[in-house]
Novice: 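So that we are looking at the same thing, I have put the structure below in structure tokens.
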Protein chains: 2
Amino acid sequence: MPVNLKQLAELLGLSQTTVSRALNGYPEVNAKTRQRVLKAVRETGYRPNRAAQRLATGKAYSIGLVMPIASGIGSDIHFGEFLAGLAEEAVKHDFHFVLNPSAPEDEEATFRRLAASGNVDALFLAHMRANDPRIAILKSLSIPFVVHGRSIGGPKDYPFLDIDNTAAFYDATRLLIQLGHRRIALINGQEHLAFAIRRKKGVTRALKEWGLDLDETLVHHSVMTDEYGYRSMQRFLKQPDPPTAVLCSSTALALGAVRAINQAGLTVGTDISIIAHDDVLPMLKPENFSVPLTTTRSSLRAAGARVASRLIGGILDRGAYPDQELWRAELIVRASTGPASVKNINSRKRV
Amino acid sequence: MPVNLKQLAELLGLSQTTVSRALNGYPEVNAKTRQRVLKAVRETGYRPNRAAQRLATGKAYSIGLVMPIASGIGSDIHFGEFLAGLAEEAVKHDFHFVLNPSAPEDEEATFRRLAASGNVDALFLAHMRANDPRIAILKSLSIPFVVHGRSIGGPKDYPFLDIDNTAAFYDATRLLIQLGHRRIALINGQEHLAFAIRRKKGVTRALKEWGLDLDETLVHHSVMTDEYGYRSMQRFLKQPDPPTAVLCSSTALALGAVRAINQAGLTVGTDISIIAHDDVLPMLKPENFSVPLTTTRSSLRAAGARVASRLIGGILDRGAYPDQELWRAELIVRASTGPASVKNINSRKRV
DNA sequence: GCGCAAATTCAAAGCGCTTTGAGTTTGCTA
DNA sequence: TAGCAAACTCAAAGCGCTTTGAATTTGCGC
């Protein structure tokens, strides 16, 4: 039988008002009194009743999530991982979720309904596309939100958390160039997604700085699964002048690419270099690849947790968070990258 | 500005009591009055305030979900799909989720905390293992729950929704036997999972009925990804007496298996038959395989929705659901299954 | 020691719903 | 037409918290 405010106040010989204020950090409470209250809370294990708080404050203490059910997104491994981070953080603060599976064409209606329902205090948005129309919709909805990722074009002033995809792939490409690679391929995510566009831009930029051009025949866009990584790599290797290095937008793609490379009788790291972006999925660790993978790393789960923090912090008016965050991915060099030597190129040609 | 009960009652010239009762289906309300109330609800768009309901009834109107973060589960595509079904149904009833990411070793504590928190009315459980200890824990916790899947051994009297895995794989195997196959392989899920055990049992049983034995060298257990399907199939094909047919526990596994088959210069459906279990993942449609896949089909999303229905129905005391449900998977024959002819066997041997 | 502002604390009024216990009608029976 | 049970409807009391507006203390300058 949990104690409630009234009992706690009685126990302390204080009024509910004072106890409530002590707990919620109001300044007009004597420091000693607050200490007494806090102690009593610890001893009794008092936890405020969320339903009552919701009723009294009008806050929902929950976060709305629109879960895309379009092919290849909803049940994407990446979504689960991000969600885990989000949930982890939410649970700490006793926040709930309202998960709204929604087809892309219904998304706008879903947002509106959700915002109007009063069931959520804030919304979360992901899978940004170029010129994503959802940002304008959310801005018009007067409900706080945070975007994971960034659109390209359109309004600039909205809260987001993104990683610097351009920089990550610029850095990765630069490393490859420094190692002597000149023909560099890119196995990327779907073409309409903002992160994929930025990553390609990073590659292009680095090449350009060295006076090189990105060969469009060495760029593939697809859903980021093992399977597509394999197919893309296979096609690259069949080209008359195949790449000596390849960048993959996910470890899943890299898994397939590695298989294609091995199957062609080539060795990762010596014959062909490979760098993948690593979302730190527990299923797919780059260090466990037969040839450990050089990666640009940024934890998706951590991003989820951070987004939740910001959303919750905003709702509770606690802590000041930057409105726009751009995380820098780490470039971690492992065995899958090596110099592009003449010998490599020859051995490759022989296949 | 949404209307509340008081305003609605005023509008109707009724008391809040009567309106509330009319809405909640109490019998002591005149049928005509109830119609009037319902009409007014439609016109005003009245929606009861969940926070107030929670406070008044003591119900949380939410469902607890323990999301396993062990390797290869949490961010599993199957989990996302099931979750989508669950969420879809929950949203309809304005139910929330409390997602609790938890490492397997903390699960018990997580259950207890969740049950004690009063934040959820019911719990959901999945990824059943043989002799799964979590069932006993949940039963002791006096909180309603539904299990997706079934344990093997241990208590029998608990609410579950499962598919008849034994029957599904029995049926699939029987079909293969009828087509003349004698050496049948199984690429299964992880060995400790109940569904995998049952599927293997189904295969064994069918073979036994035809006087055949399951060759243990033709059974692999692993995480159900593309990658492992490929590896398993590759190993099977290297055996001195390779299988003429293979059963896969998921379409992801089948994808890998098909690749290995093609790579070996064989053709699915003529040289080697393949049947996969299809969870109806939007990402991976068996009908879109280059050779459309024969499958045992049962929608994971539908299962999620059903579990949510049962959980919610139980909480609201609405509708009577069976406590234990065993869904029958459909066996859908497509082009990936064909007769095992001598010619096939010969051509296979030549490789 | 007095008076006043600042510092604390408090009682009470909601938040919007459910539900108890009591009051009103209605429909029949006698 | 009185009388009574059945059928409806209602006023009011919570649920556990926040917050307003007022009351009480305390601290200081004179």
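Each chain gets a letter, A, B and so on, in the order the sequences are listed, and its residues count up from 1.
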Novice: Send over the distance from A/Lys59 NZ to D/dT18 P, rounded to a whole Å.
Specialist: 10 Å

Novice: OP1 or OP2 of D/dG16 versus the side-chain N and O atoms of A/Asn4: is any pair under 4.0 Å?
Specialist: yes

Novice: Taking the six-membered ring for Trp, are B/His127 and B/Phe79 parallel (under 30°), tilted (30 to 60°) or perpendicular (over 60°)?
Specialist: parallel

Novice: In whole angstroms, how far is the C1' atom of C/dA13 from the NZ atom of B/Lys6?
Specialist: 12 Å

Novice: Distance check: side-chain N/O of B/Asn24 vs OP1/OP2 of C/dT18, anything under 4.0 Å?
Specialist: yes

Novice: If each of A/Val29 and B/Thr18 is mapped to the nucleotide of DNA chain C with the nearest heavy atom, which maps nearer the 5' terminus, i.e. the 5' end?
Specialist: A/Val29

Novice: What is the distance, to the nearest angstrom, from the CG atom on A/Leu55 to the P atom on C/dA13?
Specialist: 17 Å

Novice: Please determine whether a side-chain nitrogen or oxygen atom of B/Tyr46 lies at a distance below 4.0 Å from atom OP1 or OP2 of C/dC17.
Specialist: yes

Novice: Do A/Arg50 and A/Tyr61 meet the cation-pi criteria used here (NZ or CZ under 6.0 Å from the six-membered ring centre, within 45° of the axis)?
Specialist: yes

Novice: Applying a 4.0 Å non-hydrogen cut-off, can you work out what B/Gly13 is touching in the nucleic acid: base, sugar-phosphate, or nothing?
Specialist: sugar-phosphate

Novice: Measure CD/A/Gln7 against P/D/dG16 and give the value in whole Å, please.
Specialist: 8 Å

Novice: Taking atom P of D/dC17 as reference, at what distance in whole Å does atom CG of B/Asn49 sit?
Specialist: 17 Å

Novice: Is B/Gln53 near enough to C/dT18 that one of its side-chain N or O atoms lies under 4.0 angstrom from OP1 or OP2?
Specialist: yes

Novice: Has A/Ser15 got a side-chain N or O lying under 4.0 Å from the OP1 or OP2 atom of C/dC10?
Specialist: yes

Novice: Looking only at side-chain atoms of A/Gln16, point me to the closest of C/dC10, D/dC17, C/dG16.
Specialist: D/dC17

Novice: Hey, does the side chain of B/Thr57 come within less than 4.0 Å of C/dC17's phosphate (OP1/OP2), counting only N and O?
Specialist: no

Novice: May I ask you to evaluate whether B/Tyr26 reaches the phosphate of D/dC8, defined as a side-chain N or O under 4.0 Å from OP1 or OP2?
Specialist: no

Novice: Could you pick out which residue, A/Val3 or A/Glu28, lies toward the 5' side of DNA chain D when each is mapped onto its nearest nucleotide?
Specialist: A/Val3

Novice: Are the charged groups of B/Asp157 and B/Lys139 less than 4.0 angstrom apart, N to O?
Specialist: yes

Novice: Nearest whole Å is fine: how far is D/dT9 C1' from B/Leu5 CG?
Specialist: 15 Å

Novice: One thing to verify: whether B/Glu89 and B/Arg306 come together as a salt bridge, which I'm taking to mean a side-chain N less than 4.0 angstrom from a carboxylate O.
Specialist: no

Novice: Measure the distance from CD on B/Gln35 to C1' on D/dC8 and round it to the nearest whole Å.
Specialist: 16 Å

Novice: Does any part of the side chain of A/Phe145, heavy atoms only, come nearer than 4.5 Å to the side chain of A/Pro159, both counted from C-beta?
Specialist: yes

Novice: Looking at C/dT19, does its base get a donor-acceptor pair with the side chain of B/Thr17 below 3.5 Å?
Specialist: yes

Novice: Give the rounded distance in Å between these two atoms: NZ of A/Lys32 and C1' of D/dT25.
Specialist: 14 Å

